[in-house]
**Student:** 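I'd like to ask you about the structure that follows.
What you see below is based on every heavy atom in this structure, not just the backbone, and it leaves out hydrogens, waters and symmetry mates.
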Amino acid sequence: MSHTRKTDSGIEIKTVYTEQDKVTSPNLPGHFPFTRGIQENMYRGKSWTMRQYAGFSTAEESNKRYHFLLSQGVNGLSIAFDLPTQIGYDSDHPLSEGEVGKVGVAIDSIEDMEALFKDIPLEHVSTSMTINATAIILLAMYVSIAKKQGADLEKLSGTIQNDVLKEYAARGTYIYPPKASMRIITDIFEWCSHSLPKWNTISISGYHIREAGSTAVQEVAFTLSNGKAYVKAAIDKQIDINTLGKRLSFFFNAHNNLFEEIAKFRAARRIWAGIMKDLGATDPKAMMLRFHAQTGGSTLTQQQPQNNIARVTIQALAAVLGGTQSLHTNGYDEALSLPTEEAAQIALRTQQILAFESGIADTADPLGGSYLVESLTDSIEEKALALIEQIDNMGGSVRAIEEGFMQQQIAESAYAYQLAIESNEKVIVGVNSFTTDNEKEPSSIQIDESIREVQTNKLTRLKNTRNQDDAQRCLRQLKDAASGETNLMPLIIEAVECNCTLGEISDILRSVFGEHQQ
């Protein structure tokens with residue numbers, strides 16, 4: 001008598017699957033509801049974008065890593081920002097102490113942004129920026145340096161994460177209350193729709209929801225509910241859903257349970273196509289769920305870190321078999337520190353081996369029709385739709401977050417997962433099973449405190465040499481606009497071009513909108 005096997009979402013796995021288990025017959029790839037992928041020929045036509053998430057220390061140091069990655073075959077950059085940048089504090093702010101340049105690059109001004117992308121032609125590189133509460137400021141800086149390079153803004157491609165709802169639910173790098181945050185986000189949607197037509201204006205993130213401990217089902221349900229809230233807010237501002245839908249992207253976690261993860265991506269596409277159709281989209285391209293995937297950071301272990309290479313490979317395999325549009329693979333040493341150059345190269349080579357040696361890119365949705373995968377896709381869809389309906393009945397994502405519903409669900413799942421590890425019910429190789437004594441720790445990157453001093457000196461010099469009248473005028477205009485209904489994007493672009501800092505702009509918005517308290 002065999003023991004019951006379940007996925008991480010609690011879906012029971014049978015010993016064998018047959019034709020009777022395959023409930024839904026999937027359409028062809030490239031056709032509504034896009035279960036099997038958003039392109040008819042998937043990777044035969046164009047490989048997924050291979051991104052490597054990088055950013056640390058100063059803009060100058062990060063720029064060196066980006067040039068290295070581009071030289072190794074990366075075709076899209078993914079920028080990590082430090083915590084002060086994410087929550088709207090300049091490096092010289094007292095609350096920035098101990099955090100400058102630690103988990104990402106420190107960006108205080110347009111000068112830093114220029115150094116970050118020195119000798120990188122923005123018109124020809126796709127850039128993803130993992131930034132939320134201050135996304136409007138970082139995008140303004142990016143647009144400004146693109147203009148300086150002489151780039152055609154209509155050709156700029158990339159993504160800002162810009163998904164603040166998941167910050168309240170799972171991650172914590174929010175600044176303003178939800179209503180003000182939604183206003184900033186829809187201002188970005190509106191401005192980009194006519195000024196930056198190829199730019200993805202939001203990357204609705206399930207990644208951090210999963211990192212906080214959610215199940216695969218919760219990751220899908222909460223992410224798509226948040227997506228629904230953003231689309232409804234845009235519709236309320238008279239933004240065309242067919243235009244907006246083509247510029248939305250999603251960001252999912254690729255976790256360890258191979259078949260559940262593949263099914264999760266397929267189910268998410270199918271559910272989102274239905275949501276957009278119900279909200280009034282008529283263009284099939286506006287109903288397509290396009291997503292970036294990153295391998296699961298929380299699955300990486302400090303113990304026996306080289307084992308993480310195998311974990312990352314399995315997770316990357318799930319993302320590709322699930323039909324991702326772009327992918328970041330984690331360095332094996334990221335549970336210890338920022339990835340070394342060697343670890344970043346191995347992570348990139350993992351993607352390249354999958355793309356060019358494994359054969360999995362030769363046909364669209366190679367697991368389509370698998371009794372197991374189709375059954376799991378149906379199960380995840382059914383369970384996620386039930387959760388989405390529950391959130392809808394509460395009044396939508398914003399209300400569910402305000403009432404702590406999502407946070408509580410995630411916390412309960414995280415607790416259950418940890419208990420399963422501690423009881424050895426769930427095996428983590430090298431942690432609670434197959435351990436060894438006297439493990440050798442690999443070399444790692446350390447960021448010292450002098451980075452803050454470097455950034456502070458740059459800020460002092462900038463403030464002493466800029467035109468103070470222009471800077472103060474820009475900040476006053478921004479405050480007036482924030483108090484009304486004017487789109488903030490053009491004013492923030494002008495402010496960064498007049499050398500107003502990220503912290504100064506954030507403080508102006510804080511003075512009008514206030515700060516969110518959990």
**Student:** How about W272 and F250: are their ring centres within less than 6.0 Å of each other?
**Tutor:** yes

**Student:** Are R183 and D187 ion-paired here, with the side-chain N under 4.0 Å from a carboxylate O?
**Tutor:** yes

**Student:** Please examine the side chains of F222 and Q409, heavy atoms only from C-beta on, and report whether any two atoms are closer than 4.5 Å.
**Tutor:** yes

**Student:** With ring centroids as reference points, do Y168 and H516 lie under 6.0 angstrom apart?
**Tutor:** yes

**Student:** If I take atom CG from residue L459 and atom CG from residue D108, how far apart are they, to the nearest 0.5 angstrom?
**Tutor:** 4.0 Å

**Student:** Please lay out, stage by stage, how Y207 and H292 fare under the test ring pair (Phe, Tyr, Trp, His ring centres under 6.0 Å).
**Tutor:** CA-CA 10 Å; Y207 182 85; H292 169 70; 8.5 Å; no

**Student:** How long is the span from the CG atom in D507 to the SG atom in C500, to the nearest 0.5 Å?
**Tutor:** 11.5 Å

**Student:** R476 versus K479: any side-chain heavy-atom pair under 4.5 Å?
**Tutor:** no

**Student:** Could you tell me which non-hydrogen atom of A286 sits nearest to which non-hydrogen atom of A281, and how far apart they are?
**Tutor:** CB-CB, 4.3 Å

**Student:** Verify, without hydrogens or angle tests, whether S9 (side chain) and I11 (backbone) share a donor-acceptor contact under 3.5 angstrom.
**Tutor:** no

**Student:** Could you check if a side-chain atom of L139 sits within less than 4.5 angstrom of a side-chain atom of M141, using non-hydrogen atoms only?
**Tutor:** no

**Student:** Apply salt bridge (Lys or Arg N to Asp or Glu O under 4.0 Å) to the pair E261 and R210, showing each step before the final yes or no.
**Tutor:** CA-CA 12 Å; E261 292 301 291; R210 190 64 176 280; 3.1 Å; yes

**Student:** What closest approach, in Å, do S203 and D163 show between heavy atoms, and which atom pair accounts for it?
**Tutor:** O-CB, 3.5 Å

**Student:** Can you confirm if the NZ or CZ of R290 lies within 45° of the ring axis of F252 and under 6.0 Å from the centre of its six-membered ring?
**Tutor:** no

**Student:** Strictly distance-based, threshold 3.5 Å: is any side-chain N or O of T134 a donor or acceptor partner for the main-chain N or O of T85?
**Tutor:** yes

**Student:** Would you say that D333 contacts P305 through its side chain, given a criterion of any heavy-atom pair below 4.5 Å between the two side chains?
**Tutor:** no

**Student:** Which pair of non-hydrogen atoms, one from N132 and one from N162, has the smallest distance, and what is that distance?
**Tutor:** OD1-N, 3.3 Å

**Student:** Is there a side-chain contact between L376 and L372 in this structure, where contact means two heavy atoms from C-beta onward sitting under 4.5 Å apart?
**Tutor:** yes

**Student:** May I ask you to say whether R266 pairs ionically with E381, meaning some side-chain N is under 4.0 Å from a carboxylate O?
**Tutor:** no

**Student:** Can you tell whether the side chains of D378 and R270 come within less than 4.0 Å, N to carboxylate O?
**Tutor:** yes

**Student:** Heavy-atom count check: over 12 atoms from other residues, nucleotides or ligands less than 6.0 Å from E97 CD?
**Tutor:** no

**Student:** Looking at S298 and E211, what are the two nearest heavy atoms and their distance?
**Tutor:** N-OE1, 2.8 Å

**Student:** Which pair of non-hydrogen atoms, one from T130 and one from S78, has the smallest distance, and what is that distance?
**Tutor:** OG1-OG, 4.5 Å

**Student:** Can you tell me how far CD1 of I79 sits from OG1 of T159, rounded to the nearest 0.5 angstrom?
**Tutor:** 11.5 Å

**Student:** Does F513 have its ring centroid less than 6.0 Å away from the ring centroid of Y176?
**Tutor:** yes

**Student:** Should the pair H255 and Y417 be assigned to parallel (<30°), tilted (30 to 60°) or perpendicular (>60°) ring geometry?
**Tutor:** perpendicular

**Student:** Taking all non-hydrogen atoms of both residues, which atom of G503 and which atom of D90 are closest, and how far apart?
**Tutor:** N-OD1, 2.8 Å

**Student:** Determine, step by step, whether R452 and D92 satisfy the salt bridge (Lys or Arg N to Asp or Glu O under 4.0 Å) criterion, reporting the C-alpha distance in whole Å, the side-chain angles of both residues, the deciding distance to 0.1 Å, and the verdict.
**Tutor:** CA-CA 7 Å; R452 185 168 187 245; D92 59 359; over 6 Å; no

**Student:** Counting only heavy atoms not in E389, do more than 12 fall under 6.0 Å of its CD?
**Tutor:** no

**Student:** Is the closest basic N to carboxylate O distance between E99 and K102 below 4.0 Å?
**Tutor:** no

**Student:** Heavy-atom count around E402 CD within 6.0 Å, excluding the residue itself: above 12?
**Tutor:** yes

**Student:** How many angstroms lie between atom CG of D8 and atom NZ of K6, to the nearest 0.5 angstrom?
**Tutor:** 12.0 Å

**Student:** May I ask you to say whether E12 pairs ionically with R5, meaning some side-chain N is under 4.0 Å from a carboxylate O?
**Tutor:** no

**Student:** For F291 and F265, run ring pair (Phe, Tyr, Trp, His ring centres under 6.0 Å): C-alpha distance rounded to whole Å, both residues' side-chain angles, the deciding distance at 0.1 Å, then the answer.
**Tutor:** CA-CA 9 Å; F291 74 97; F265 300 130; 4.9 Å; yes

**Student:** Within the structure provided, determine whether V105 and I107 are in side-chain contact (heavy-atom separation under 4.5 Å).
**Tutor:** yes

**Student:** Can you sort out the partners of I493 under side chain to side chain contact (heavy atoms under 4.5 Å, CB included), two or more places apart, ordered by chain and number?
**Tutor:** A140, V143, S144, K147, W191, M489, E497

**Student:** Kindly indicate whether the side chain of T223, heavy atoms from C-beta on, has any atom under 4.5 Å from the side chain of Q218.
**Tutor:** no

**Student:** Quick one: does R269's side chain have a donor or acceptor within less than 3.5 Å of a partner on G322's backbone?
**Tutor:** yes

**Student:** For a 4.5 angstrom cut-off between non-hydrogen side-chain atoms, does L156 reach K198?
**Tutor:** no

**Student:** What distance do I239 atom CD1 and R247 atom CZ have between them, rounded to the nearest 0.5 Å?
**Tutor:** 14.0 Å

